[in-house]
Colleague: 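This is the structure, below, for whatever I ask next.
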Protein chains: 2
Amino acid sequence: MTSETATHQTRSGSSTIARILTAAEALFAEHGFDAVSMSAIAEAASVSKANVFHHFNSKHALYQATLRRACEKTTRQLNHMVIQPGAVAANLGEFAENHLESILEHDQFARLILREILSDMPKEQLKIAQQVFGENFSDLVTIIRRGQDHRELRADLDPALVATLLVGANVFFFQARNVFRHFPEVNFADEPAHYTRMMVDILLRGILASGSEKKT
Amino acid sequence: MTSETATHQTRSGSSTIARILTAAEALFAEHGFDAVSMSAIAEAASVSKANVFHHFNSKHALYQATLRRACEKTTRQLNHMVIQPGAVAANLGEFAENHLESILEHDQFARLILREILSDMPKEQLKIAQQVFGENFSDLVTIIRRGQDHRELRADLDPALVATLLVGANVFFFQARNVFRHFPEVNFADEPAHYTRMMVDILLRGILASGSEKKT
DNA sequence: TTCCTGACTGACCGACCGGTCAGTTGATTA
DNA sequence: TAATCAACTGACCGGTCGGTCAGTCAGGAA
């Protein structure tokens, strides 16, 4: 097995490993681990099945590599959200909007992770997801806690709980979209920006310190 | 194939069909559709594999029957949430608490449905999930809309969006628990009641009409 | 008593699964 | 030029998959 970080691409055009990983990510995200065969991945990557096993010791190793790459790709983009010194309210709004945008843009990866979370998480995968979520979650908690220190936000709230509500609202929007589209009561299934705006509006009203008031 | 609603139980002790469905629900919820074999289900139900195919035409038919039964079981319990004429705030709080309790109690079923939602939902399954979620969701929307009519809640909010936030907060709590348990910032992963209380507190503050105030 | 029907079983099927292996190819190096 | 080595392939393996089938068996109707 070759080092997965190698960038040789001696024979094929683009890096074979990258092609395999890309195909695997799409298929795993779409159908889940067990429903995808190595033959299907090989075919999608225009590569022989034996070649896939040449680069990845096992199906599980390929799956883990897929997860890892997807994580790195996402964190590199979303990570280290700019914590501006400005008002917390604006920071939270921007975070929420970026967050949902990022989820919708990398929907394959999002599905991959959510699938993983619904399983038992055999410790190794858990660490991966923990890393992805953990960093951004910590940033968010920091923003909220700073807002509390500045007496901008209610001090009696658990900042992690507030962060959970914000992230959860976005994640739930993402995964419930297809169902919501068939609900007569829901008309925001295809307007994520509007959803985030209203969500942040409600959340801010709920967490702003008494005395502060928000626009509108 | 026998009618699935039959209650003959001529030969086996308890209804064979029920035993198969129970085993299937547990296995499908735990590992997903593709990772569970008919042999495994048959063994778990102490029945020959051929017998499973005698009662259910195919693996897919068994899966759908499993979903349907689980849905019926759940809706029968949670359904038609008592809409008291009292304050909307109390109604929402009670709904949220019951909702999360119900999810945690039927965690197998919840995982089953969430897994389903992450897939493409081949129209038939969608209708099932739509039915389960739809009824309770409509009840919740009704409660909120009534609160708006009584000028107890802000009138400028989409009631379905508020309902989404409430349900989403609970669902996200459920599915992110295992990850959250490893986050140093989070200490409410094992206190659903406390989580719901704080969540409703924040949400209510965000949606109550100006002028109204809440305890604490 | 005979017959019929539905619950139920073990043996079996072709297809496909994850994974292996002997061998080919093409660039790199000595 | 010869040797080496990674990238790559087609053929193949044992095992398991979803699903079938001929046949056994118990109970109810005639």
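Owing to the predicted nature of the structure, the values given are computational and were not obtained by experimental measurement. So that the names make sense, note that chain A is the first sequence line, chain B the second, and so on, each numbered from 1.
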Colleague: Tell me if the aromatic rings of F56(B) and Y63(B) count as close, with their centers under 6.0 Å from one another.
Modeller: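 Ring centres of Y63(B) and F56(B) not closer than 6.0 Å.
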Colleague: Between D149(B) and R145(B) (salt bridge meaning N to carboxylate O under 4.0 Å), is one present in this structure?
Modeller: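 Salt bridge flag = no for R145(B) with D149(B).
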Colleague: Could you tell me how the ring of F33(B) sits relative to the ring of F28(B): parallel (under 30°), tilted (30 to 60°) or perpendicular (over 60°)?
Modeller: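 Correct class here is parallel.
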Colleague: Strictly below 4.0 Å: does N51(B) bring a side-chain N or O up to OP1 or OP2 of dA7(C)?
Modeller: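 For dA7(C), neither OP1 nor OP2 has a side-chain N or O of N51(B) closer than 4.0 Å.
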Colleague: Please tell me which of the listed nucleotides, dA7(D), dT9(D), dG10(C), lies nearest to the side chain of H55(A)?
Modeller: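 Of the candidates, dA7(D) comes closest.
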Colleague: Could you give the CZ-to-P distance, from R19(B) to dA7(C), as a whole number of Å?
Modeller: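 After rounding, the reported distance stands at 14 Å.
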Colleague: Taking N or O atoms only and anything under 3.5 Å, show me the protein contacts with nucleotides 16-21 of chain D, one pair per line.
Modeller:
residue : atom : partner : partner atom : Å
dC17(D) : OP1  : S37(B)  : OG           : 3.3
dG18(D) : OP1  : V36(B)  : O            : 3.3
dG18(D) : OP1  : K59(B)  : NZ           : 2.7
dG18(D) : OP2  : M38(B)  : N            : 2.8
dG18(D) : N7   : K49(B)  : NZ           : 3.1
dG19(D) : OP2  : K59(B)  : N            : 2.7
dG19(D) : N7   : K49(B)  : NZ           : 3.2
dG19(D) : O6   : K49(B)  : NZ           : 2.6

Colleague: Which whole-number value in Å describes the distance from F56(A) CZ to dG19(C) P?
Modeller: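 So the CZ-P distance, F56(A) to dG19(C), works out to 13 Å.
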Colleague: If you measure from CE on M38(B) to OG on S48(B), what distance do you get to the nearest 0.5 Å?
Modeller: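 With rounding to 0.5 Å, CE (M38(B)) is 11.0 Å from OG (S48(B)).
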Colleague: Would you please say whether a donor-acceptor pair under 3.5 Å links the side chains of R69(A) and T22(A)?
Modeller: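 Side-chain D/A pair, R69(A) to T22(A): present.
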Colleague: Flag the pair F173(B) / F180(B) as yes when their ring centroid distance falls below 6.0 Å, and as no otherwise.
Modeller: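 No.
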Colleague: Kindly point out which of dT9(C), dC8(C), dC8(D) is positioned nearest to the side chain of T16(B)?
Modeller: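 Taking heavy atoms from C-beta onward, the closest nucleotide is dC8(C).
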Colleague: When the distance from NE2 of H54(B) to P of dG23(D) is rounded to whole Å, what number comes out?
Modeller: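 Taking atom P of dG23(D) as the reference, NE2 of H54(B) is at 18 Å.
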